[in-house]
Chemist: 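Sharing a structure below in structure tokens format, with a few things to ask.
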Amino acid sequence: MKENAEVRLTPRERLARGLTYSVVGPVYVTRGLVGLGVDAAAASAAGLRRRYREGRLARDVAAAQEAIGQELAAAQEVVANLPQALRDARRAQRRRGRRPLLIAGAAVTVLAGGAVAFGVVRRSTRQRPEEPSPRPPSVDVQPRP
């Protein structure tokens, strides 16, 4: 009878195999690095549990809980003042809303003035039909019989 049992590799073996193989290397490297990360996290968690049992971490946890309580109190105060802050921000935003309109109005006025000036200059440079040109015509004026 044939046994189809897969041999499980440790993360270190996966990493070593991934660095040696070129075709499936990235897969093995990734799996190896993830496995090493998981192993490191598990080891640090075991160390934390051991420190907690010894009582060293208990004081740190109590201090962290106190700090979290202070942070929560500060966050509640901020949330309580949020409606007033929003009203102030809306008031400030309304004041700023007129400036872009003034700038747009000034831009439209400048463009309109430029268009009028362009039209005036263009009309003044056109020749009037009653004034003959000082140059001779470039095409024969008399049709040929």
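Keep in mind that what you see is a predicted model, and the values were worked out from it rather than measured.
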Chemist: Could you list the donor-acceptor pairs under 3.5 angstrom formed between side-chain atoms of residues 108-117 and any protein atom two or more places apart in sequence or on another chain?
Modeler:
{"unit_1": "Thr109", "atom_1": "OG1", "unit_2": "Gly105", "atom_2": "O", "d": "2.8"}

Chemist: Between Arg8 and Glu13, what is the shortest heavy-atom contact and its length?
Modeler: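 Of all heavy-atom pairs spanning Arg8 and Glu13, the closest is O-OE1, 4.4 Å.
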Chemist: Name all residues meeting the salt bridge (Lys or Arg N to Asp or Glu O under 4.0 Å) criterion together with Arg12; count only those two or more places apart in sequence or in a different chain, and write none if there are none.
Modeler: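 Partners of Arg12 under the salt bridge (Lys or Arg N to Asp or Glu O under 4.0 Å) test: none.
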Chemist: Who else is in the cluster with Leu72 when I, L, V, M, F, W and Y are joined by side-chain contacts under 4.5 Å?
Modeler: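 Once heavy-atom contacts under 4.5 Å are chained together, Leu72 belongs with Ile68.
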Chemist: May I ask you to list the residues sharing a hydrophobic cluster with Phe118, side-chain cutoff 4.5 Å, ordered by chain and number?
Modeler: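 Joined to Phe118, directly or through intermediates: none.
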Chemist: Applying side-chain contact (heavy atoms from CB on, under 4.5 Å), can you list everything that pairs with Gln84, at least two apart in sequence or on another chain?
Modeler: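 Only Arg87, Asp88 meet the side-chain contact (heavy atoms from CB on, under 4.5 Å) criterion with Gln84.
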Chemist: For Leu36, enumerate each residue passing the side-chain contact (heavy atoms from CB on, under 4.5 Å) test, keeping only those at least two apart in sequence or located in another chain.
Modeler: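 Only Pro11, Leu15 meet the side-chain contact (heavy atoms from CB on, under 4.5 Å) criterion with Leu36.
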